[in-house]
Amino acid sequence: ISTHSVSGVSSSSKYFQTSRRVYKGLKDFGREFIDQELFNQSLDDWILENYGVDQVTGEQPFLKPPFLTDELRKLDLALEGVLFQQLFRMPCSPLASKSVKEDGYHALEDFLHVIVNGLWRTFWRKSGPLPFSISCFHHPGSKFYAVEKAISRGRLEELRGLALISKNGNNLKVHWNQVVELVLFRQNILSGNELKLSVSTICEALFYGVHILISRCLSKSRTISDDSVFIMVFDSKFGAVIKLGGDLSKLELNTGDPYQSVAHWIKCHAEVLLSSVETIWNRLGNANWGDLGTLQVLLAAFYSIVQCNGPPRKSISSLASAHSLRLQKRRIECRLAENEHAKIPYQQDGYQHGEIVELDHSDNPLVKNTSHLKLRQGEILLLEDQQQGQKSFQIQESFIGGNYFLYGAVSLDYPTQLLTLYVGAHPSRLEPSWEDMSLWYQVQRQTKVLNILKHQGVSSKYLPEVIASGRILHPGPCKKQSPSGRCDHPWCGTPILVTLPVGEPLSYIVARDGPFSSDDALRCCRDCLVALRSAATASVQHGDISPENIIRVFNMQGTRHKVLYIPVSWGRAVLEDRDSPAINLQFSSSHALQHGKLCPASDAESLVYLLFFVTGGRMHPQDSIESALQWREKSWATRSIQQHLGEVSPLLKAFSDYVDSLCGTPYPVDYDIWVKRLNRAVDGSGSADRGKMIEEVAMTLRLENVAESSGTSGGGT
């Protein structure tokens, strides 16, 4: 048995190249391969030898499980909050009466429908018709029927199970090559009193699996990958998953015994993976959602849909990453439930209320370094906001990357909403420290920029929102002479900025989960352009687009998870000509590196570099401005950036071409047209529309009156 891979979708997919002679031979072979009992006799000894733990030696089974525990755990996190509700209960009666069997098929049909609908709406598309149907069958090659029709025709006793069928347009006739996954339903799938599959159950599953693989190979359309298939087996209580895969070109077609031929292929060339047998339905007939058994079934269905319809729009990893935010919210709720009205007083332990003591700041870990205020989880910070008065915030965590001046916090007035809290440097410490100066940009300057956007009526869900800003109120008496003055306390006058929303920076996401998919990259590009367009209406440019300054936010609405990409850290924004942007050797525009100023397309150019990075493009570390400019000139001249983005999405390639034509010129970016096109790609429908859109992009690029040589590819200034 091949043990090359245990993942859900094989990485060695090989289509069976069928000539007319081989096609006819395989077709005849499939017609002769019809007797399940003969097949069982050819394979049952081998299954007994390789399935289950040896009672004498204690050796592990040779037939491995199809899924890793980490895969199941990640799927469990991804499906948090997704509602799976089986309405038809699985009958638990041991009697094999007709009515019980009818109820069992209705329950199984409902169970399968709930799984497929939930997965499709969660990972692929939230709306639109479901591209699958569920039908029952009698034997290999038989016609497919709706369960109700089979019952009305009195053919219930002949049924062997259900099949998930991929719809083929308006063609109502269903063929076996359209089977996405197969479900066998038996009165008992166990081997005696042991919690493992019986040999006959495994043989029947493999028998149907071979038929499905042959049907896929004989199909001219080949819409489903033909190298593996998942078969699920159930009775009224237990269930398991079997995966059969392999290269059918190694199947001997000219032997006189097709059953021995298939048995030899399974033993020597195929991959057979068996899951553990788990409880699927409880004694009330309800599915145990979230338990190991249903997770195995869900993951098998997920990989089967991937084989048929391609990768999902949202990956399991991306949805599972939202678990940390949900967990943080739950911790906040639990902590506040325990201390509903409790606040941490600003006094040291060991002193009675009203006692006059001399504070030794050297013993306080929060103020050992008088220039930096470092906060711990659970601390409550009192903020004096000139507009809103005094507001209290409780520190929850220090954010990713070890930044001790950026925290997650909650307002005690609205404790369920996690906020971003920036702690600036004390005003007296700005001159000697470049680090403190960067904090000035992060807090005071960003506060100014965000307030300018707010006062000019610029509002967007793709821009951060100021919740509060002001100066910290330190514990103990304050001896400042005026509201804007400072006293000798090391905290006095320290600026604070509180914003919404909270998310993970793209640099952290890429390091943890790997490159973005096409859909994620398109959404990121669209969201960032919407934010830049909104800021441009107030004549503001970001000036520091980089993976650290774009966050991913999960906007949870009930069971729906909408992903937003939001540019943050607006402290280096350019408001007027004398402002200088940040200098980033990897992501700054060529104009910024050469002149220390932005051109109208500088943010868009930085966005192209960011998209190149998050989609897996290789960016070498740069040690000087000269080497950074050389890399940009070479990359644009050889079109390596466009070629890489073209492999991700033709629309991103067209956008990078458009930006290349503008860089270093006085021409502004036409945000409206690109946001419109990206909206259609992200939220639109159908590949046909997308293809038409790309043609429209290419035509527009030829017609638009922009400079023909850019400051990057042409080496201009």
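- For the atom pair CG of L529 and CD1 of I673, the computed distance is 12.5 Å after rounding to the nearest 0.5 Å.
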- [ ] Evaluate salt bridge (Lys or Arg N to Asp or Glu O under 4.0 Å) for E647 paired with K653, printing each intermediate quantity in order.
- [x] CA-CA 8 Å; E647 295 176 358; K653 179 182 180 183; over 6 Å; no
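- The closest side-chain heavy-atom distance from L610 to P547 is below 4.5 Å.
- In this structure, the separation between CG on L575 and CD1 on I452 is 4.5 Å, given to the nearest 0.5 Å.
- In the displayed structure, E576 atom CD is contacted under 6.0 Å by more than 12 heavy atoms of other residues, nucleotides or ligands.
- The heavy-atom pair separating A536 from Y671 by the smallest distance is CB-CE1, 4.2 Å.
- Between the side chains of Y609 and E605, a donor-acceptor pair is found at a separation under 3.5 Å.
- Q642 and S656 form no side-chain donor-acceptor contact under 3.5 Å, judged by distance and modelled atom types alone.
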Next item on the list: Walk me through it: do R639 and D657 pass the test salt bridge (Lys or Arg N to Asp or Glu O under 4.0 Å)?
Entry: CA-CA 9 Å; R639 297 181 55 79; D657 276 325; 2.9 Å; yes
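- Using cut-offs of 30° and 60° for the angle between ring planes, the W674 and F655 rings count as perpendicular.
- For Y422 and Q444, the side-chain atoms include no donor-acceptor pair closer than 3.5 Å.
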Q.
One pair to check against salt bridge (Lys or Arg N to Asp or Glu O under 4.0 Å): K597 and D577. What are the steps and the verdict?
A. CA-CA 8 Å; K597 301 291 181 182; D577 290 340; over 6 Å; no
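- With sequence neighbours excluded, the residues forming a side chain to side chain contact (heavy atoms under 4.5 Å, CB included) with D520 are F516, S517, Y565, listed by chain and number.
- Rounding to the nearest 0.5 Å gives a distance of 4.5 Å between CG of L611 and CG of L607.
- How far CG of L375 is from CG of L406: 11.5 Å, rounded to the nearest 0.5 Å.
- With D579 as the partner, the side-chain hydrogen bond (donor to acceptor under 3.5 Å, both in side chains) test is satisfied by one option alone out of R572, R445, Q541: R445.
- Note: W631 and H620 fail the aromatic proximity criterion, with ring centroids not under 6.0 Å apart.
- Taking the centre of each ring, F302 and W120 stay at or above the 6.0 Å mark.
- There is no side-chain donor-acceptor pair under 3.5 Å between S411 and Q417.
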